[in-house]
Amino acid sequence: MTSLDPRSPLVLDTRELGRRAGAMKKLNFSVAAPADLGVAMVAVPIGSDIEFDIRLESVMDGVLVSGTALVTVAGECSRCLEPLAFDMEVDIQELFEHPETDSRGRTIEGSSDEDDELPKLDQDLLDLEPTLRDAVVLALPPVPLCQPDCLGMCVECGVNLNDEPEHKHDVVDARWSALADLVAKQGDEEE
Ligand SMILES: [Zn+2]
Ligand SMILES: [Zn+2]
């Protein structure tokens with residue numbers, strides 16, 4: 001029994017590759033992005049195209065997957081909160097180990113120590129999704145910006161300073177102008 005769904009587009013079958021070290025297979029394919037691919041501020045939109053250009057290589061301990069994934073990232077600028085989107089190429093590099101087997105070739109369930117971080121092959125299947133997720137999160141800019149020199153928002157009134165670079169408040173009069181605004185607003189409401 002395997003816990004992986006072979007129909008999932010990110011679950012790859014390595015059977016064809018065989019266990020002979022050195023065997024190699026190139027794969028080019030695109031899949032619809034799964035959910036939760038990113039962080040709060042920026043993420044790969046669910047269902048967007050992800051293009052994989054990878055190779056599977058049979059090595060001593062398992063199957064080495066390496067290559068790139070081209071993703072679209074969308075989110076908002078962390079300074080001015082305007083929407084932003086860009087393409088990003090992430091490096092994929094992961095060794096999927098053969099599961100440990102007993103003398104009869106049966107998989108030893110739960111034999112691997114807990115802190116063994118390497119993902120395992122499961123009935124010749126491997127799941128690329130956690131690898132992709134880690135790669136995307138790692139490659140995302142920690143402070144996404146709409147442009148490198150984004151001016152952000154006015155802390156006083158929230159105006160986008162990219163639209164109004166000259167915008168500023170007279171600090172001394174700020175309270176009075178707030179009061180004036182209030183009076184003007186009340187005046188509007190009374191009309
Ligand atoms: Zn911005
Ligand atoms: Zn302002």
Side-chain angles (χ1 to χ4, degrees), residues 4-5 8-12 26-56 64-96 117-119 126-191:
L4 299 179
D5 181 359
S8 163
L10 285 167
V11 170
L12 306 181
K26 285 187 177 181
L27 287 176
N28 282 290
F29 61 100
S30 64
V31 301
D36 303 323
L37 212 55
V39 295
M41 211 73 171
V42 273
V44 178
I46 183 169
S48 65
D49 252 14
I50 301 180
E51 276 179 52
F52 281 94
D53 185 1
I54 55 173
R55 52 192 259 172
L56 310 183
L64 181 67
V65 179
S66 58
T68 56
L70 188 65
V71 300
T72 303
V73 177
E76 53 189 34
C77 174
S78 51
R79 278 189 204 152
C80 71
L81 305 183
E82 286 296 311
L84 54 81
F86 55 91
D87 289 342
M88 183 174 83
E89 194 178 74
V90 298
D91 287 326
I92 301 289
Q93 177 100 21
E94 190 88 78
L95 173 65
F96 292 84
E117 292 284 306
L118 286 179
L126 62 83
D127 186 6
L128 214 49
E129 190 171 327
T131 302
L132 174 68
R133 178 163 290 115
D134 288 352
V136 166
V137 169
L138 203 70
L140 284 173
V143 182
L145 295 176
C146 61
Q147 49 189 321
D149 54 352
C150 170
L151 297 171
M153 293 191 305
C154 170
V155 290
E156 298 272 341
C157 69
V159 135
N160 186 336
L161 297 175
N162 299 303
D163 298 335
E164 295 180 38
E166 302 297 315
H167 175 91
K168 68 176 179 211
H169 296 262
D170 190 330
V171 181
V172 182
D173 285 344
R175 272 172 298 175
W176 293 113
S177 70
L179 197 62
D181 282 352
L182 203 65
V183 170
K185 212 180 265 173
Q186 276 173 346
D188 287 348
E189 278 163 14
E190 276 162 19
E191 270 166 30

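Predicted model only: the values in this text are computed from it and were never measured. Order of listing sets the numbers, starting from 1, for every ligand and every atom in it.
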For SG in Cys150 and SG in Cys146, the angle at the Zn ion (ligand 1) (nearest 10°) is 110°
Looking at every heavy atom in both Pro9 and Phe29, which two are closest together, and how far apart are they? O-CE1, 4.0 Å
Quick check: do Pro34 and Ile50 have side-chain heavy atoms less than 4.5 Å from each other? yes
Please state the angle at the Zn ion (ligand 1) spanned by SG of Cys77 and SG of Cys80: what is it, rounded to 10 degrees? 110°
Rounded to 10°, the NE2/His167 to the Zn ion (ligand 2) to SG/Cys157 angle comes out at 110°
Straight-line distance of Leu151 CG to Leu145 CG, nearest 0.5 Å: 11.0 Å
Point-to-point distance, once rounded to the nearest 0.5 Å, from CG of Leu4 to CG of Leu128: 11.5 Å
Which single N/O/S atom of His169 lies at minimum distance from the Zn ion (ligand 2)? NE2
